[in-house]
There are 2 protein chains.
Amino acid sequence: MAATIKDIAKKTGLGLATISKYLNGGNVLEENRLAIEEAIKELDFRVNEFARGLKTSKSKTIGVVIPELSNLFFTSIITIIEDILRQKGYGILVCDCRTDEKLEYEATEFLVNKMVDGIISMPVSKDGTHLKLPLSKGIPVVLIDRKVEGLNVDAVLVDNVSASEAAVEYLIDHGHREIGIICGPKDIFTSHQRQLGYTQAFVKKGMFPRQELIRYGEYTVESGYACFKELISQHKSLSALFVTNYELTLGAIIAINELGIKMPEQISVIGFDNMHLAKVVKPRLTIISQPIQEIAENVARIMLKRLLQERVDEAEIINLSTKLILGESVLEKSLE
Amino acid sequence: MAATIKDIAKKTGLGLATISKYLNGGNVLEENRLAIEEAIKELDFRVNEFARGLKTSKSKTIGVVIPELSNLFFTSIITIIEDILRQKGYGILVCDCRTDEKLEYEATEFLVNKMVDGIISMPVSKDGTHLKLPLSKGIPVVLIDRKVEGLNVDAVLVDNVSASEAAVEYLIDHGHREIGIICGPKDIFTSHQRQLGYTQAFVKKGMFPRQELIRYGEYTVESGYACFKELISQHKSLSALFVTNYELTLGAIIAINELGIKMPEQISVIGFDNMHLAKVVKPRLTIISQPIQEIAENVARIMLKRLLQERVDEAEIINLSTKLILGESVLEKSLE
DNA sequence: ACTATAAGGCGAAACGTTTCGCCCTCTATA
DNA sequence: TATAGAGGGCGAAACGTTTCGCCTTATAGT
């Protein structure tokens with residue numbers, strides 16, 4: 001049915017090996033090159049990737065396992081990675097594991113069976129059990145955003161502790177003492193890190209963080225909305241709020257707006273992730289901005305590096321820092 | 001290196017054909033079945049999908065081409081589709097074409113070269129040029145959300161005209177006359193449909209829609225925010241607003257909140273897409289809700305159907321209807 | 001003029017499945 | 001007892017590449 005390199009060979013009068021060499025970027029006589037190209041066009045020849053894969057054991061496909069496909073932070077990163085990898089001929093096979101460890105394990109095994117050349121994972125599982133299989137098969141793994149302890153694997157991280165610490169310190173420096181924080185799920189790496197930064201900022205300033213001002217939710221809009229309402233109803237004197245993810249921030253903002261609470265007069269807010277939100281909310285939100293582009297580029301770069309070299313040297317751990325982008329949502333509070 | 005069926009055959013003393021039969025669900029003596037299963041476990045055997053694909057010409061992979069991976073409506077659908085297809089052994093290869101026709105074309109060709117068994121597309125191109133290639137190769141195509149004229153292809157659509165008409169009619173019935181609408185890009189199918197419904201509602205009621213109350217933007221939060229601000233600044237007397245996509249709605253709500261405009265007292269609002277937003281905003285938003293689950297299920301079902309049967313009969317066009325979900329964001333306005 | 005070297009071309013074998021056509025064995029029926 | 005048919009098993013060929021080792025020709029150096 002479809003044309004094969006045999007057809008091209010027949011049509012051009014050249015040998016199989018020559019056609020193959022051409023296809024793989026080898027040197028071929030100018031004259032032959034033209035003949036081959038013409039034949040390819042004419043017969044609408046496309047390399048059969050099954051056959052190629054069978055010989056080379058390469059699928060030119062990268063598996064991606066993420067907790068939620070509906071989380072904007074994740075998809076923003078994936079989009080960029082996909083872009084870069086596609087230009088190098090790689091496709092991405094995406095699996096959403098719904099923040100479920102078992103599904104994450106199954107998805108990873110599924111991808112390995114689908115012969116992916118590499119795996120990009122934003123791990124849910126704490127110990128990275130799901131990565132044992134690909135690693136044992138020599139399939140390169142690059143982690144995003146969440147580190148797995150005791151696993152010598154490339155990772156692109158964001159310094160969440162410092163990010164969080166900087167935000168809270170900034171609030172403290174502006175005279176705030178009753179600072180609430182809305183975190184994601186308790187057992188997620190980044191969530192924990194951000195809470196840690198909150199605590200550290202207080203400690204650093206010689207104060208004690210108050211546990212009752214810490215709220216854990218899901219990384220969703222609803223959760224941000226609900227957490228803030230609960231927090232403010234129990235602590236009317238709250239003077240500042242730090243929200244640790246885009247969706248949570250969105251929810252909190254909606255709640256603040258709706259309750260008619262003036263920002264920053266009545267409450268100062270620092271949000272998370274430099275996306276639509278900060279550009280849109282008035283007064284402009286002060287936010288912790290994660291370097292999405294940089295994260296994606298590093299992940300893609302490291303993955304491509306691993307795909308080329310088989311000699312596996314030391315894992316590359318990139319720790320990117322966030323930026324505190326000043327808006328007008330934090331008020332200087334004079335301490336009386 | 002890795003075990004092959006030859007190894008399984010050797011280990012069990014059975015023939016190649018028998019192992020293959022077992023792997024593909026054929027009948028095998030109970031005794032042999034156990035032996036094979038043990039050997040598979042022991043050798044950690046996994047079918048080599050390259051070899052299988054070479055013989056069967058099936059990759060068990062579906063290509064997905066979408067305009068934006070950061071659009072929640074799209075990703076919500078994809079998540080569900082992925083879930084269903086994965087259970088049937090299919091993986092999805094995702095390409096984001098950034099609402100660009102040329103990229104869409106390239107992405108589709110890329111997917112065909114990657115030997116996908118089917119393609120799911122939310123088309124950007126009006127005439128569906130990008131689909132010619134897969135169709136000519138007999139690769140099933142299922143369209144989502146946007147129809148392509150003059151192409152006999154399965155599609156799962158939403159009746160956007162009626163949806164929009166219903167929303168606007170509802171507003172008119174509640175006494176509103178100065179009704180603004182914020183649409184997506186002018187040349188996108190759904191955007192056009194929604195604008196059409198707006199116009200039809202007025203015509204049906206014997207009135208004329210006012211062009212100056214129609215705004216076109218991007219399907220983004222910023223755009224919704226900007227469009228609303230512009231609209232309200234030019235039409236202070238606006239009494240109601242219909243926003244035609246999730247991100248746009250989000251932007252508009254933030255703007256309304258920020259301007260201190262009371263909803264629904266000063267402005268009645270109908271939003272789009274039943275996600276976080278409607279659940280969170282107070283007073284509860286009245287919205288047009290698209291049947292995301294149903295869309296995804298239908299797409300997956302049709303795709304699976306096409307993958308099984310080779311006889312291609314008439315294209316299946318599903319037209320799902322939206323629901324108007326009542327909240328408290330629309331005020332009954334007495335006509336004086 | 002002769003040789004060394006480089007550039008390019010070539011076919012055969014191999015990658016690991018599936019499937020076709022054929023085989024054997026066992027049971028049921030005449 | 002003879003025979004048909006079902007159930008299960010088997011090896012060889014084929015799918016379309018890549019790559020190894022070898023061959024031919026052209027060029028450069030002496």
Side-chain angles (χ1 to χ4, degrees), chain A residues 1-37 39-40 43-61 89 112-117 137-138 307-308 310, chain B residues 1-37 39-40 43-61 89 112-117 137-138 307-308 310:
Chain A
M1 187 67 242
T4 73
I5 58 172
K6 275 186 197 152
D7 299 318
I8 304 292
K10 204 163 293 170
K11 183 137 195 147
T12 57
L14 295 166
L16 286 179
T18 307
I19 313 296
S20 176
K21 194 194 274 188
Y22 165 83
L23 290 174
N24 293 286
N27 276 335
V28 166
L29 240 42
E30 176 71 2
E31 171 195 353
N32 293 335
R33 211 203 71 213
L34 292 172
I36 294 175
E37 283 171 357
I40 287 181
L43 301 178
D44 190 34
F45 166 81
R46 288 150 204 281
V47 174
N48 182 314
E49 293 291 341
F50 295 129
R52 175 177 277 179
L54 184 55
K55 281 303 289 185
T56 63
S57 295
K58 295 276 170 280
S59 64
K60 286 253 170 189
T61 297
V112 170
N113 288 340
K114 281 260 175 290
M115 305 279 182
V116 295
D117 296 343
K137 290 196 131 22
L307 291 170
L308 287 182
E310 53 267 34
Chain B
M1 185 70 240
T4 73
I5 58 172
K6 275 186 197 152
D7 299 320
I8 304 292
K10 205 163 294 171
K11 182 137 196 147
T12 57
L14 295 166
L16 286 179
T18 307
I19 313 296
S20 176
K21 194 195 271 187
Y22 164 83
L23 289 174
N24 294 286
N27 276 336
V28 166
L29 240 43
E30 175 71 2
E31 173 195 350
N32 293 335
R33 210 203 72 212
L34 291 173
I36 293 174
E37 283 170 358
I40 287 181
L43 301 178
D44 190 33
F45 166 81
R46 290 150 204 279
V47 173
N48 182 315
E49 293 291 339
F50 294 129
R52 175 178 276 178
L54 184 55
K55 282 302 290 185
T56 63
S57 294
K58 296 277 169 277
S59 64
K60 285 257 176 183
T61 297
V112 170
N113 289 339
K114 281 258 176 290
M115 306 278 180
V116 295
D117 296 343
K137 290 196 132 20
L307 291 170
L308 287 182
E310 55 266 35

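Keep in mind that this is a model prediction, so the values were computed, not measured. Each chain gets a letter, A, B and so on, in the order the sequences are listed, and its residues count up from 1.
Applying the 4.0 Å criterion to OP1 and OP2 of D/dC10, one finds that B/T18 has a side-chain N or O inside that range. Contact annotation: B/N24 reaches the phosphate of C/dT18 (side-chain N/O to OP1 or OP2, under 4.0 Å). For C/dT17, neither phosphate oxygen OP1 nor OP2 lies less than 4.0 angstrom from any side-chain nitrogen or oxygen of B/N48.
Side-chain atoms of A/S20 lie closest to D/dT19 of the nucleotides C/dG16, C/dT17, D/dT19. Residue B/K6 has its side chain nearest to C/dT17 when only D/dG8, D/dG16, C/dT17 are considered.
Residue B/F45 is classed as a sugar-phosphate contact, given heavy-atom separations below 4.0 Å to backbone atoms only. Within 4.0 Å (heavy atoms only), B/T4 reaches sugar-phosphate atoms of the nucleic acid but no base atom.
Taking atom NZ on A/K21 and atom P on C/dC10, their separation rounds to 10 Å, with Å as the unit. Regarding A/E30, its CD atom lies at a distance of 11 Å from the P atom of C/dG8, rounded to whole Å. The CD1 atom of A/I8 sits 16 Å away from the C1' atom of D/dT18 (whole-angstrom rounding). Going from atom CD1 of B/I5 over to atom C1' of C/dT19 covers 11 Å, rounded to whole Å. Following rounding to the nearest Å, A/L43 (CG) and D/dG16 (P) show an atom-to-atom distance of 14 Å. What separates NZ of A/K10 from C1' of D/dG16 is a distance of 13 Å, to the nearest Å. Atom pair A/R33:CZ and C/dA7:P shows a separation of 18 Å (rounding to whole Å applied). Regarding B/D7, its CG atom lies at a distance of 13 Å from the C1' atom of C/dC15, rounded to whole Å.
Using a distance-only test at 3.5 Å, with no hydrogens or angles considered, no donor-acceptor pair links the side chain of B/S20 to the main chain of B/L16.
More than 12 heavy atoms of other residues, nucleotides or ligands shown are found within 6.0 angstrom of NZ on B/K137.
Taking OG1 of B/T56 as the start and CZ of A/F50 as the end, the distance is 6.0 Å to the nearest 0.5 Å. In this structure, B/Y22 OH and B/L14 CG are separated by 12.0 Å, a value rounded to the nearest 0.5 Å.
Two residues, A/L29 and B/A2, neighbour DNA chain C, and the one matched to the more 5' nucleotide by heavy-atom proximity is A/L29.
The shortest distance between side-chain heavy atoms of B/T61 and A/K114 falls below 4.5 Å. Within the 4.5 Å cutoff, no side-chain heavy atoms of A/K21 are placed close to those of A/I36. Counting heavy atoms from C-beta on, the side chains of A/T4 and A/N48 never come closer than 4.5 Å.
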Do any N or O atoms of the protein come closer than 3.5 Å to N or O atoms of nucleotides 11-14 of chain D, and which pairs are they?
from: D/dA14; atom 1: N3; to: B/K55; atom 2: NZ; distance (Å): 3.0

